[in-house]
Amino acid sequence: QVQLVESGGGLVQAGGSLRLSCAASGRTFRNYAMGWFRQAPGKEREFVAHIDWSGANTYYSDSVKGRFTISRDNAKNTVYLQMNSLKPEDTAVYYCAAARSSTYYYIERQYEYWGQGTQVAVSS
């Protein structure tokens with residue numbers, strides 16, 4: 001069992017930065033690949049970024065590539081999402097999730113555990 005708690009969301013102006021954190025409970029965190037998804041009002045949840053269990057491999061959606069960076073600290077049981085050059089279209093609830101592998105990392109059903117989400121709002 002893995003419990004995930006996101007933090008770090010808030011209101012920021014366009015062009016600004018935020019860093020989201022996702023703290024995981026349990027000693028098995030290092031066995032899981034981790035992902036970030038987001039859901040904007042009236043839209044389906046979409047993939048944002050993924051990192052494998054070791055941190056050696058990362059993947060991003062085209063919409064955030066070059067602006068967002070996913071990282072993890074297995075000693076702290078935490079995964080991060082550094083978001084730079086934020087745009088109003090990045091406004092959404094951001095969720096972290098844990099998966100047993102990086103296969104099909106962009107598909108929601110590959111993830112076994114989900115956090116409750118943290119709101120990010122970007123004003124123009």
Side-chain angles (χ1 to χ4, degrees):
Q1 186 81 8
V2 177
Q3 292 184 324
L4 304 173
V5 179
E6 302 96 335
S7 61
L11 175 64
V12 64
Q13 288 188 332
S17 298
L18 282 175
R19 188 176 82 155
L20 304 184
S21 299
C22 174
S25 64
R27 294 175 291 178
T28 59
F29 173 75
R30 64 180 66 249
N31 294 336
Y32 286 86
M34 300 296 296
W36 285 95
F37 287 74
R38 67 187 182 186
Q39 187 168 21
K43 295 188 177 181
E44 294 186 351
R45 192 155 54 184
E46 65 174 1
F47 166 75
V48 175
H50 177 93
I51 188 167
D52 71 3
W53 68 272
S54 69
N57 297 292
T58 58
Y59 308 90
Y60 299 92
S61 67
D62 288 343
S63 61
V64 307
K65 196 173 297 181
R67 299 188 298 122
F68 291 10
T69 302
I70 189 171
S71 62
R72 67 188 296 160
D73 185 338
N74 286 342
K76 295 183 178 180
N77 281 11
T78 302
V79 63
Y80 304 97
L81 186 68
Q82 178 66 43
M83 306 186 296
N84 298 329
S85 302
L86 282 161
K87 305 175 181 180
E89 51 263 45
D90 294 318
T91 295
V93 177
Y94 283 72
Y95 300 89
C96 71
R100 292 190 181 271
S101 80
S102 291
T103 304
Y104 299 115
Y105 57 85
Y106 49 89
I107 297 178
E108 283 189 50
R109 65 176 180 268
Q110 293 299 106
Y111 293 81
E112 188 171 347
Y113 301 104
W114 291 82
Q116 82 290 348
T118 185
Q119 176 72 54
V120 171
V122 184
S123 62
S124 57

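- For Arg30, the side chain to side chain donor-acceptor pair (under 3.5 Å) criterion is met by no residue, not counting sequence neighbours.
- Relative ring orientation between His50 and Tyr111 is described as perpendicular, the plane-to-plane angle rising above 60° on a 0-90° scale split at 30° and 60°.
- Remark: Lys43 pairs with no residue by the salt bridge (charged side-chain N to carboxylate O under 4.0 Å, His left out) rule, at least two apart or across chains.
- Thr78 places a side-chain N or O within donor-acceptor distance of the main-chain N or O of Lys76, the cut-off being under 3.5 Å.
- With contacts defined as side-chain heavy-atom distances shorter than 4.5 Å, the pair Trp114/Glu108 qualifies.
- Partners of Phe47 under the ring pair (Phe, Tyr, Trp, His ring centres under 6.0 Å) rule, at least two apart in sequence or in another chain, are Phe37, Tyr105.
- Put simply, the residue from Asp90, Val120, Leu81, Leu20 that forms a side chain to side chain contact (heavy atoms under 4.5 Å, CB included) with Arg38 is Asp90.
- For the pair Arg72 (side chain) and Gly55 (backbone), a donor-acceptor distance under 3.5 Å is absent.
- Contacts of Asp52 classified as salt bridge (charged side-chain N to carboxylate O under 4.0 Å, His left out), with partners at least two apart in sequence or in another chain: none.
- For Asn84, the side chain to side chain donor-acceptor pair (under 3.5 Å) partners at least two apart in sequence or on another chain are Ser17, Gln82.
- Considering only residues two or more places apart in sequence or on other chains, Tyr95 meets the ring pair (Phe, Tyr, Trp, His ring centres under 6.0 Å) condition with none of them.
- The closest side-chain heavy-atom distance from Glu6 to Tyr94 is not below 4.5 Å.
- Looking at every heavy atom in both residues, Ile70 comes nearest to Trp36 through CD1-CD1, 3.5 Å.
- Salt-bridge annotation for Asp62 and Lys65: present, with a side-chain N of the basic residue lying under 4.0 Å from a carboxylate O of the acidic one.
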